[in-house]
Structure formats: structure tokens, C-alpha cells
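Structure first, commentary second.
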Amino acid sequence: MMTDEPALPVSTAWSLVLGLGVLWVVLGIWWGKKAQTSEGFMLAGRNVGISLGSATAMATWVTSNTTMVAPLLAFEKGIWGMLAYASASFGLMLFAPLAYRIRRLLPDGVTAGDFFRRRYGHAGWAVFLVITLVYSITWLVTMAIAGGKLLEALGGIDYVQGMTLILGVCVLYTLFGGLYAVIGTDFIQSLIILVGIVFIGFEALQHVNVQEVHSYLVAEQPALLDVMMPAALLAIFNNMLFGFGEVMHNNVWWSRAFAMREKVAPRAFFLSGVLWFPIPIAAGFLALCAGPLGVNVTDPGKVGPQVAEHVLGLAGLGSMAGVIILVVLFCSMASSIDSLLAATSDLLVRDIYEGVFGQHLNPEKFRPISATAIVVVSLIAWALALSEWSIDQVLFSAGALVASLIWPVIAGLFWRALNVPLVIVGIIAGCVTGLWAYFQIQPYTGALVGAAVSMVFTFAARWVGARPLGTLTD
Amino acid sequence: METCVGGVAMDLTKARDSRVARKNLPFVRIASRLRASFSQLVRHPWRANPTQGTIPFPSPNLRICRSVIAGLVVGGLVVVSQAAPSRLHLELDPPSTNRVSDDGTVDLQWLGGTGPFELQQATSEDFGDAKTRYRGSDTETVITGLREGSYHFRVREITADGKPTNWSEPLMMEVHYLSRGQLFLLLGTGAFVTTLTLGAIVHGFLRHR
């Protein structure tokens, strides 16, 4: 049982994290030799194949939320909660046809900001930048906080030191290698995550079978099996729309769409969604095994690692249990932190430095400018993570913001005529009403309401005062 | 004190039968005095009657006896009242006066003991259908998957010699889900938006392929 005592000696935890960190940095330096131009640094030469493309998309989508929030949802909301989290994979799958269209319309595109600037003008671009920067930095901060808490709980490493270490490692290899390093390390991290989750799930089934879990739930936690559990049902559509909005607007995914070869991008995104789908289900199943295994859950946010540690302990792995869990969770966080650092710094360079300040990124200046952007983003995240803010609420409430961008993206990519100002008003209205619903009705209604309101305005923009849309090339 | 109470409970019949043999026993002398005092209490009311020379107040022995009995009764009540409630305190984590859960999750913690502990859950106030939800040394637990209704919780400590202490004050929680009307409205909206979103993307992709 995961108690307040760390699962690993401090020296072991430090050795593990430093060893992994050195490995990623060395690989980052090695891959960074390919990044000789800004296009190479930001978009890996626009030549990523299907295996690396699928792996990087899947690994980036596996975050600490997948390994800790998915079990929490299953533990509190049952089967539907587990499926609700897994429904976020549909966002990746649905981005496949969008990636195809994006590459057709924006052959020279670099960031998602290029699309919003060219389609919705400076007003729409500004609204987009505010939403995406708030969301990306919030997401980055939650990863940093989760990393610090993980190292503290598992290895007894001081929170500030652990959080700084994880951020520092990711900053270093992203600095040296750009998107090449990010995608390359994501491939290795995705393999570790998949193997780790499968192994832990296999061990769990060795000690408790599905029938036992079902019998226990029927007797002690019957609502977890109910079809009509309201909170769980609401979580399905809300999480799905949250996932749609997150993938469809965020530069993390647009930069990968630009980085992959044109015909590879749709298949890679679809495959990554398929690969990602079972991971929250496996993690959620672990949480449902807590009762039958006799694990007393004191913090639902840690039920996944707690049960995993218990199961691996039953398998006779001893302290190796803590090693496996730490490695899998470290990889899941690093794979998301590096992507966020790279994508957010690209936005700062392309959209703020070049777009807002009118600077030109020449071949000699791109490395120091990009490096400065990466360091700035990481310092902001580090400073916010120092406070150990309960920033999860900020992240989950941001679902209303990102869901408001779903229909503007769809309309901008596929429709021929639009009333652009009305669409922008719809984005803002969706954000406001979505946040209102999140705080006043239920947390699992924010993204749903935001998407619905934005959709109504976007539909109206198709027929009320619509003007033909031009091409997206400058 | 002890003799006064013992005197009241004494079988005075036996004392009478062997009065000569026992009359010099201290216990017998005290019991006799006690009996005399109670007789006085019955025959002589509290109200003073100076014309008949009656004693207006109880005799010293009677005063002492009544004081002692009163003291014993009060002391006994104090001891009983201190023994009845457990030193354990059961509360929500974090502490809250909100006793309603909208998703069947209850986060409990208990303070004031060293463990191990036993936590019980029941649907009736008298714990007639109680079942044990947790046994162990932890001081908190999270219970999930509760259906709509009222639930009562209580906790006790199992001491080192295996004997359980008294139960804590019970804590009552109610589970109320979102209303069906509101739920179906939101679900309908979610299904509608999701279907249209999927349809728009698929239609757009097929049209522009």
C-alpha cells in the first residue's frame, strides 16, 4: 500500500531520474545535429514517417492525467468514467482528416496561429493566442507539479528539486534538438509507457480476475456499474468535446501535422488514437481493483500508482515496483512536457516575435531566439509550479475555452463562406458561457456548453452576412 | 461514605436477630444510626415545628448520609458520561458541513486514536444493517460508488489487548444525483453537438478529398 513512506530510497530515485535525464539529453544532442534550419528545429524537416509520427502523437497524449486522472475517474465514476476518459482518443482520430486538409491548405504553415491569422484576421488571431497560451502554459504547469509530487511521493526527493529536475531535463534536450529530439524521445518513451502499462495490467489480472472485481463492485460500490450514473454520463460528452478542442486548436498537434509527410499525417493521427484508447481503460481497471485487492484508498488522485505498487509488490518485485512506476510516470510526463515546450515556444517565435513584433527569423538568429523562447516558457511554468497551486481546476475549467474553438476550426478548414466577426463573437460567447456552466452547474458541463454556444454562432455565421473565404496562402 | 451506602443496602433483619452479638460491631452501630436517621426523616418533615420541639432540620447523620449519596450519584453520572462517547472524532476530509454528495463519493477521516480502527457503514440510524468498510491503521478512507440515499458512518479503535473502544459519534451523508431532467437535457445537448461535429468533419473531408 502506498503510504506516506517513499517507495524508493532517495539515492535510487535520484540515480534513476538523473540516468534517464542524461539519456534523453544525449539523444537530444545527437538528433539535434539534424536541426540546422528553423524548419528543421521547429518541424523536424517536415519529413516524419508513420512510426515516429504515431508514436509521438500517442506519447504526447499520454500525460500524468492519463495515468492518474483516468484511474481517479474510474474509481469515482465507474465504467462510464473510464470510458469517458478514453473518449479523448477520438480527438486524435478526428484530427486525421483535419491534418489532411491542413496540409492541403497550408503547405508552408508553421503553427496553428498561421491558420487563425489568415482565416480570422488579427482579432481572431489574438483571441486564439490568448486561449492557447493560457491553456498550454497551464497544462505545462500541471505536468511540472505532477512530476515534482511524483518524485516526492515515490522517491522522497524534495518537491522543488524534483520539479526543477524534470523541467530542466526536458528543457535541455528540447534546446539542443528541437522537434527532432522531441519526436525521437517520444518514440522511446511511448514504447516504455506501453510495455509498462501492459505489464502492470497483466500482473493485476494474475491476482484478481474480472469476475471477482465485478462481484465486489456489485456488493460494495454498485453505483460504479450503473448505466445511469449522471456524473459519469456527463463526463463522456464533456471529455470528448474537451479532447476535440484540445487537439484541434493546440499547436502541439498542428506542429506534428506540419512535421509529418503529407500522406502520413492522417494515418499517423488515426493510429495514435487507436493506440492511446486502451491506455486509460487499463489504468482505470487498476483503480477498480482497489477494493478486491484490499487496498485502502486515501487519495483518489493517487489510486492508480497506489494499486500498481500493490500489485507489483504482490508479484514479488519489491522495490522494483517503485522503479517501474517511476519510470513509466516519468516518461509519460516528459513526453508531454517536451512537446508543450517546443510547441509553445514555436508560437512565441512565429506568432509573437515574427507576427506581432514584425521581426524576421533569419537562419543565424533562429537558434538563440528559439532557445530564448523555450527558456522563457519553462521559467514561467517553473515559477507557477513553485506555488503548488491547485492548478488542476484552472486546467479543467479551460475545457470551456478550447471547446469554443472546435467549430471555428472546422468552419475555417471546410466552409467556403463565413461571417468572420460573428465567429469570433461566438468564440468569446462560448468561453464565457462554458466557464459559467463549469462553476455554476457542474464541472462536467463546461466544455459541452462552450462547444454548443460556439457551434450556434458558427452556424449562424454561415448564413448571416457570410462572405467568401479566400485561400490560406499569403 | 462506603459504610453509609452499605448501611442502606444492609439486611437489617439479620442485624436484629443477633443484636446482642453484633451490637458492638462498628458496622452495626453505623447501620443503627442510619436507620434512626431515616426514621427521623420520615417522621419529622422538613418544615420546622418549634411548638412541638421537633427538629426543624435533618439531623447531622442524615445530612451527612444524604450528602454522601448525592455525591455518589453525581460522581457516578460524571464517570458514566465520560465513558460513553469515544475519543475518536469522525469527519469529512477536508472538514465540511456539506453532507450531500452528488456522485456517491465520501471522503472520511478520523482523529484521536492510534489504531487499528474499524469503520462501519449503515443505511439505518441504529446501525442495524451495519457493515464494516475498513479495518486497519489508516486514519482516512475514500468510499465511492454509493447509490442515492442516506448513509451513516461510525468508527472505533481496537486497543492493544484486542478490546474495541466505544463507537464515535456517527456521521450521516446523503447521496443525491443530478436531477433526471437536467441530466437528459445536458446529455441531449452533448449528443447533438458531438454528432454534428463528427458529421461536419466527415462531410468536409469527403467533399474536399
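The sequence lines fix the lettering, A, B, ..., with proteins before strands; numbering per chain opens at 1.
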Without hydrogens or angle criteria, can the side chains of A/Arg101 and B/His208 be said to hold a donor-acceptor pair below 3.5 Å?
yes
Surrounding CZ of B/Arg135 (heavy atoms of other residues, nucleotides or ligands, distance under 6.0 Å), is the total greater than 12?
no
Any residue of residues 109-123 of chain B which, by heavy atoms, sits under 4.5 Å from chain A
none
Those residues of residues 90-98 of chain B that come under 4.5 Å of chain A on a heavy-atom basis, listed by number, are none
What one should report as the nearest heavy-atom pair of A/Ala223 and B/Leu146 is CB-O, 3.7 Å
Check whether A/Phe244 gets within reach of chain B through its side chain, its backbone, both or neither, counting any heavy atom under 4.5 Å.
side chain
Is it the side chain or the backbone of A/Met248 that comes within 4.5 Å of chain B heavy atoms, both, or neither?
side chain
About how many Å separate CG of A/Leu448 and CZ of B/Phe192, when rounded to the nearest 0.5 Å?
12.0 Å
Flag side-chain contact, heavy atom, 4.5 Å: A/Thr298 against B/Val142:
no
Any side-chain heavy-atom pair from B/Thr141 and A/Val297 closer than 4.5 angstrom?
no
Can you tell me how far CD of A/Gln442 sits from CG of B/Leu178, rounded to the nearest 0.5 angstrom?
5.5 Å
CZ of A/Phe270: more than 12 outside heavy atoms within 6.0 angstrom?
no
Closest heavy-atom pair and its distance - A/Phe414, B/Phe205
CE2-N, 3.6 Å
Could you state the interatomic distance from CG (A/Leu241) to OG1 (B/Thr197), rounded to the nearest 0.5 Å?
6.0 Å
At a 4.5 Å cut-off on heavy atoms, which part of B/Leu108 comes close to chain A: side chain, backbone, both, or neither?
neither
Rounding to 0.5 Å, atoms OG1 (A/Thr445) and CG (B/Leu186) come to a distance of 6.5 Å
Review item, side-chain donor-acceptor pairs of residues 75-85 of chain A, under 3.5 Å, at least two apart:
| unit_1 | atom_1 | unit_2 | atom_2 | d |
| --- | --- | --- | --- | --- |
| A/Lys77 | NZ | B/Asp103 | OD2 | 3.0 |
| A/Trp80 | NE1 | A/Val227 | O | 3.0 |
| A/Tyr85 | OH | A/Asn65 | O | 3.4 |
| A/Tyr85 | OH | A/Thr66 | N | 3.4 |

Report, as yes or no, whether the 6.0 Å neighbourhood of atom CZ on A/Arg416 holds more than 12 heavy atoms from other residues, nucleotides or ligands.
no
Option that, when pairs with chain A are counted at under 4.5 Å, heavy atom only, ranks first among B/Val202, B/Leu196, B/Asp107, B/Val175
B/Leu196
Quick one: pull up CD1 in B/Ile201 and CG in A/Leu98 and give me the separation to the nearest 0.5 Å.
4.5 Å
Name the region of A/Ile410, side chain, backbone, both or neither, that has any atom closer than 4.5 Å to a heavy atom of chain B.
side chain
Okay, A/Ala219 and chain B: the region with an atom under 4.5 Å from a heavy atom over there is backbone
For B/Ile143 and A/Glu220, what are the C-alpha separation, side-chain angles and deciding distance, and is it a side-chain contact (heavy atoms from CB on, under 4.5 Å)?
CA-CA 9 Å; B/Ile143 296 170; A/Glu220 305 293 343; over 6 Å; no
For A/Ile441, which atoms come within 4.5 Å of any heavy atom of chain B: side chain, backbone, both, or neither?
side chain
Residue part contacting chain B, namely of A/Phe459, when any heavy atom lies under 4.5 Å:
side chain
A/Lys263 NZ: over 12 foreign heavy atoms closer than 6.0 Å:
no
Side chain, backbone, both or neither: which part of A/Asp226 has a non-hydrogen atom closer than 4.5 Å to chain B?
side chain
Any idea which of A/Tyr100, A/Trp415, A/Tyr444 has the most non-hydrogen atom pairs under 4.5 angstrom with chain B?
A/Tyr100
If you look at every heavy atom in A/Leu234 and B/Leu187, which pair is closest and at what distance?
N-CD2, 4.2 Å
Strictly less than 4.5 Å between heavy atoms, which residues of residues 399-409 of chain A line up against chain B? Please order them by number.
A/Ile406, A/Trp407
